[in-house]
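To keep things clear, I will list the structure first and then write my remarks on it.
Since the model is a prediction, treat every value here as computed from it, not as a measurement.
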Amino acid sequence: MNIRAAEEESAQEIHIPADIDWEMLDKSKFFFLGAALFSGVSATLYPVVLVKTRQQVAQAQISGIRTAFSIVKHEGFRALYRGFGTSLMGTIPARALYMAALEVTKSNVGSATVNFGIPEPTASAIANAVAGLSAAMAAQLVWTPVDVVSQRLMVQGTHPSCSSPCRYVNGIDAFRKIVKTDGPKGLYRGFGISILTYAPSNAVWWASYSVAQRLVWGGIACYFRKKDDESNDNGNSSSSSNNNNTIRPDSKTVMAVQGVSAAMAGGVSALITMPLDTIKTRLQVLDGEENGRRGPTIGQTVRNLIKEGGWLACYRGLGPRWASISMSATTMITTYEFLKRLSAKNQESLV
């Protein structure tokens, strides 16, 4: 679908380059370039994810900055990338599943909702929400085992409950030992809570992103119109519009709006789903002493968190997670839109 205008009483239209749907993409280029681009994004943001994970398993509240400095001081800078190799290996197939499910669902649901007579802004929000939900569920088939292994490596030796008879040398060693100890189901510890965390989070994020874009465009529409009017008064031909009712922002403006909208949506998503993410992380990395080899239940995890620091303990790591989601969302959406344009079959039709 295409966001054609900020809904304003003045009926002024903001013309944005056409959106690129699934049928318009060169699939091989889309997945190959996507793997390269998103691997770079993951490498950039990984230290923030590690700090967030350390905070979530800590028994006391410690700021993200202090946690990061402590890691570098006692374990060295490389410790900020502990488990990154495992995470990176899972990024490629998980992102491929995510992007395919996202684009296919968004195109199909978007067309169906418009055909049902639903207004385009509402149809866009619904399509984005459903697409985000289905994409997250598909990706978790790969991401949950990757999360379990990489998070075990992230917190190894940092928490009493993380102590294990096994000392993991690397991701492959951790994978083998987890399967040997707990069976294949050990790799999917927290799978249910992961779905409950990431599926709603993605639905909220994509729906919020769609709404935020319209709000941002509506807020800056007056600026563009004023700029256009000034250009016309001076007798100049405006590069941003063809007439008084059509505004054509340049690519830098479009990218800036996408980035701001992504950051806004990321903040909303982080705040809503933070308790579930904390519970999920604990389930995946802590060994339950009272249950032997079985991991703690959701109820036990919640009780332990409340015992340690009250309900606010469920929000440990909120700062790094907020920053991580906002930065990741901003980087991801601008990278993703750029990727789609690079992968479009017909470049001339995108203006």
Side-chain angles (χ1 to χ4, degrees), residues 1-9 11-25 34 38 95 98-139 197-221 224 247-249 251 253-273 322 325-341 344 350:
M1 284 189 301
N2 190 16
I3 301 177
R4 288 294 183 185
E7 278 65 36
E8 293 188 313
E9 294 180 358
Q12 181 170 299
E13 182 181 7
I14 298 179
H15 179 87
I16 301 174
D19 195 13
I20 303 169
D21 62 26
W22 181 247
E23 298 301 324
M24 298 168 64
L25 292 172
F38 284 112
R95 284 291 184 187
Y98 186 94
M99 292 187 297
L102 180 74
E103 289 300 325
V104 170
T105 305
K106 188 161 59 172
S107 294
N108 291 333
V109 174
S111 299
T113 50
V114 170
N115 291 338
F116 277 122
I118 297 175
E120 198 272 341
T122 304
S124 177
I126 292 173
N128 277 277
V130 175
L133 188 73
S134 65
M137 293 179 69
T197 299
Y198 290 120
S201 175
N202 272 263
V204 169
W205 190 90
W206 281 102
S208 299
Y209 173 69
S210 177
V211 173
Q213 275 204 93
R214 294 181 179 281
L215 292 175
V216 174
W217 281 122
I220 65 174
F224 276 112
I247 298 173
R248 298 180 181 275
S251 59
T253 302
V254 172
M255 184 174 293
V257 171
Q258 290 171 343
V260 171
S261 301
M264 292 168 60
V268 173
S269 177
L271 189 62
I272 291 174
T273 61
W322 189 307
I325 288 184
S326 295
M327 289 189 296
S328 177
T330 301
T331 307
M332 183 273 290
I333 200 65
T334 51
T335 302
Y336 189 64
E337 295 292 350
F338 177 65
L339 168 64
K340 287 170 68 176
R341 294 193 175 280
L350 302 182

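Looking at every heavy atom in both residues, Ala135 comes nearest to Ala101 through CA-CB, 3.7 Å. Nearest approach of Thr105 to Ser134, heavy atoms of both residues: OG1-OG, 2.9 Å. Here the closest non-hydrogen pair linking Leu102 and Gly132 is CD1-N, 3.9 Å. Summarising the geometry of Ala129 relative to Ala207, their closest heavy-atom pair is CB-CB, 3.8 Å, with the distance given to 0.1 Å. Shown here for Ala199 and Ala136, the closest heavy-atom pair between the two residues is CA-CB, 3.8 Å. Annotation for Ala212 and Met264: closest pair CB-CE, 4.1 Å, computed over non-hydrogen atoms.
A donor and an acceptor atom, one from each side chain of Tyr336 and Glu103, are located under 3.5 Å apart.
If you take CZ on Phe116 and OG1 on Thr122, they are separated by 15.0 Å, rounding to the nearest 0.5 Å. In this structure, the separation between CE on Met99 and NZ on Lys340 is 11.0 Å, given to the nearest 0.5 Å. Going from atom CG of Asn128 over to atom CD1 of Ile126 covers 10.5 Å, rounded to the nearest 0.5 Å. Atom-to-atom distance recorded for Ile325:CD1 and Thr330:OG1 is 11.5 Å, nearest 0.5 angstrom. Rounding to the nearest 0.5 Å gives a distance of 7.0 Å between CD of Gln258 and CE of Met255. Here the straight-line distance linking atom CG of Leu339 with atom CZ of Arg95 works out to 11.0 Å at 0.5 Å rounding.
Ring planes of Trp206 and Tyr209: perpendicular class, angle over 60° (limits at 30 and 60°).
Listed for the Ser111 side chain is a donor-acceptor partner under 3.5 Å among the backbone atoms of Ser107.
Residue pairs meeting the side-chain hydrogen bond (donor to acceptor under 3.5 Å, both in side chains) criterion with at least one member in residues 259-269, sequence neighbours excluded, are Ser201-Ser269.
Side-chain atoms of Trp205 and Thr273, non-hydrogen and from C-beta on, never get closer than 4.5 Å to each other. Side-chain atoms of Thr253 and Trp217, non-hydrogen and from C-beta on, do get closer than 4.5 Å to each other. Here the side chains of Ser124 and Arg214 are in contact, with some heavy-atom distance below 4.5 Å.
Every residue was checked against the side chain to side chain donor-acceptor pair (under 3.5 Å) condition with Thr334, not counting sequence neighbours, and none meets it.
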